[in-house]
Number of protein chains: 2
Amino acid sequence: MNNIYHLTRKQQQLLDFIIENQDRFPQPPTLDELCFAMGLKSRGSLHKHIQELINAGYIEALNRKQRGVRLTAQYLEQNVSLAEPEQQGTPFVGAIAAGTPIEALENICYMNVPDEIKTDKPCYILQVKGDSMIDDGIFEGDWVIIEQQSHARNGQIVVALIDKTDATLKYIEQYPHETVLVPANKNMSPMRFHPQQVEIQGVLVGQMRSYK
Amino acid sequence: MNNIYHLTRKQQQLLDFIIENQDRFPQPPTLDELCFAMGLKSRGSLHKHIQELINAGYIEALNRKQRGVRLTAQYLEQNVSLAEPEQQGTPFVGAIAAGTPIEALENICYMNVPDEIKTDKPCYILQVKGDSMIDDGIFEGDWVIIEQQSHARNGQIVVALIDKTDATLKYIEQYPHETVLVPANKNMSPMRFHPQQVEIQGVLVGQMRSYK
DNA sequence: AATACTTGTTCTCTTTCTGTTCTTGATATA
DNA sequence: TATATCAAGAACAGAAAGAGAACAAGTATT
């Protein structure tokens, strides 16, 4: 599978198509099916491309076997290794303040957050406005890393959306008949809501601050 | 790829364009596509420039093959190696506590700290023991990112080595006849030293914490 | 097992696309 | 003025791509 083998446009296009649609076919497609799917009228034309992809090592030789168009094992390996380092980082989506909805950034940017302060699951970053969590060492301007999830355990710090309008970062205590959001600020009081009023948008997993 | 070939303005411009827009083309662009993208009307004009870039070693020779304009493998390598100088991350070297020297880790590990909480200059990471900076939101177990330097401005938070034995993280105030290290903890008092006793090992530029 | 059907393979022919070369003229640069 | 740089366009040759026919090997049906 040396890359001295340069694919032509159509060959690349065909390869992309096969890769993207490999799940769509319960079994590997016939040439005719592939033709139809790609808008070609002649198997012969397609076959030439297939042959080149075989030579290039992307798909297995089909040797007259029917429904033989399948990607090479080697290629699949190579492909996952290529696909992995696509991590562009954790999205920094906006600012969160007590009492107002999340201010979304017009253009999301991505930060390279170390694994130590995030999780394997989808995370996003918010910048903190206000000082409702100041006693816990979360200050105005800090970034918080939030794991996206819709439930939480009591005592966790969560991003909570209240009445579908106001987002806030608070400790959460959930009881059958009420949900309490507790700030970490001795000048502020816990807020009590009906459980239906509060929607959890994520759980705090990390925090960071710049002193520059 | 010797630079004895000095590129003309237009050639350089073309090269820059290709480099910047290589993601925009799903496949290497044809001369026509490049013409259109650059606002030219004639392939012939473009071709001469391409030819020079080939001679200069930036672009693969296309030898009548219709596989479009693609950058040389050598050039790409050289380019990424220039752009990303093997950043293995910021070294996490140990823990810092008030009153004892830095506990060095036996094997240093590296973290991928985002640019937002470090600087361009050499930085390292310490884990905080104790609560001498608790009023400033730096808690036990937090990581602090330190820019390595031997001087600081008054009011900055520094890693200070006292009498060449004890390292500590404190605010610093330097006067001609004494240096004061101020904790951010209302239960602790500022400590006063002769300037010779205190050696600055770095300045705080960032902090991060895990809630996992 | 014999049959018809499906599907992969090979071939030729044709059309379209794309890199290459030239010539001409315009504009800048020394 | 002389020179280098650049753009435009025409013309050409080779490459890429598609259509279709004919064949052969596999698969399904009876």
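Throughout, a chain's letter reflects where its sequence line sits, starting with A, and its residues are numbered from 1.
The interatomic distance linking Glu52(A) (CD) with dT9(C) (C1') rounds to 15 Å, in whole Å. In this structure, CD of Gln12(A) is placed 11 Å from P of dA17(D), rounded to the nearest angstrom. What separates CG of Leu62(B) from P of dG14(D) is a distance of 17 Å, to the nearest Å. In this structure, Asn55(A) places its CG atom 12 Å from P of dT9(C), rounding to the nearest Å. dA17(D) atom C1' lies 14 Å from atom CD1 of Ile50(A), rounded to whole Å. Residue Gln51(A) contributes atom CD, which lies 19 Å from atom P of dT7(C) at whole-angstrom precision. The separation between Arg70(A) atom CZ and dG8(C) atom P is 12 Å, rounded to whole Å. Counting to the nearest Å, the C1' atom of dA19(D) and the CG atom of Asp32(A) are 14 Å from each other.
For NZ of Lys212(A), the number of neighbouring non-hydrogen atoms (other residues, nucleotides, ligands) closer than 6.0 Å is greater than 12. Around atom NZ of Lys65(A), no more than 12 heavy atoms belonging to other residues, nucleotides or ligands sit under 6.0 Å away.
Under 3.5 Å, the side chains of Tyr171(B) and Asp136(B) contain a donor-acceptor pair of N or O atoms. The closest side-chain donor-acceptor pair between Gln13(A) and Gln27(B), if any, does not fall under 3.5 angstrom.
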For residues 31-46 of chain A, which side-chain N or O atoms pair as donor and acceptor with protein atoms under 3.5 Å away, sequence neighbours left out?
from: Asp32(A); atom 1: OD1; to: Arg43(A); atom 2: NE; distance (Å): 3.3
from: Glu33(A); atom 1: OE1; to: Thr30(A); atom 2: N; distance (Å): 3.1
from: Glu33(A); atom 1: OE1; to: Arg67(A); atom 2: NH1; distance (Å): 3.4
from: Ser42(A); atom 1: OG; to: Gly44(A); atom 2: N; distance (Å): 3.1
from: Ser42(A); atom 1: OG; to: Ser45(A); atom 2: N; distance (Å): 3.3
from: Ser42(A); atom 1: OG; to: Ser45(A); atom 2: OG; distance (Å): 3.3

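Residue His47(A) has a polar side-chain atom (N or O) positioned under 4.0 Å from OP1 or OP2 of dT9(C).
Within the 3.5 Å criterion, the main-chain N or O of Gly57(B) finds a donor-acceptor partner in the side chain of Thr72(B). Looking at Gln22(B), its side chain does come within 3.5 Å of a backbone N or O of Ile19(B) through a donor-acceptor pair.
Axis orientation changes by 40° from one end of the helix from dA1(C)-dT30(D) to dA30(C)-dT1(D) to the other, with each end axis drawn from 5 pairs and the value rounded to 10°.
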Under a 4.0 Å heavy-atom criterion, the protein footprint on nucleotides 3-9 of chain D, written with B, S and -, is --SBBBB
Protein-proximity profile, nucleotides 25-30 of chain D, B/S/- by nucleotide at the 4.0 Å heavy-atom cutoff, equals SBS---
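For Glu147(B), the side chain to side chain donor-acceptor pair (under 3.5 Å) partners are Thr119(B), not counting sequence neighbours. Among residues two or more places apart in sequence or in another chain, the side chain to side chain donor-acceptor pair (under 3.5 Å) test is passed with Glu199(A) by Lys164(A).
Distance CG/Asp142(B) to CD1/Ile117(A): 10.0 Å, rounded to 0.5 Å. Atom CD in Gln127(B) sits 9.5 Å away from atom CE in Met208(B) (nearest 0.5 Å).
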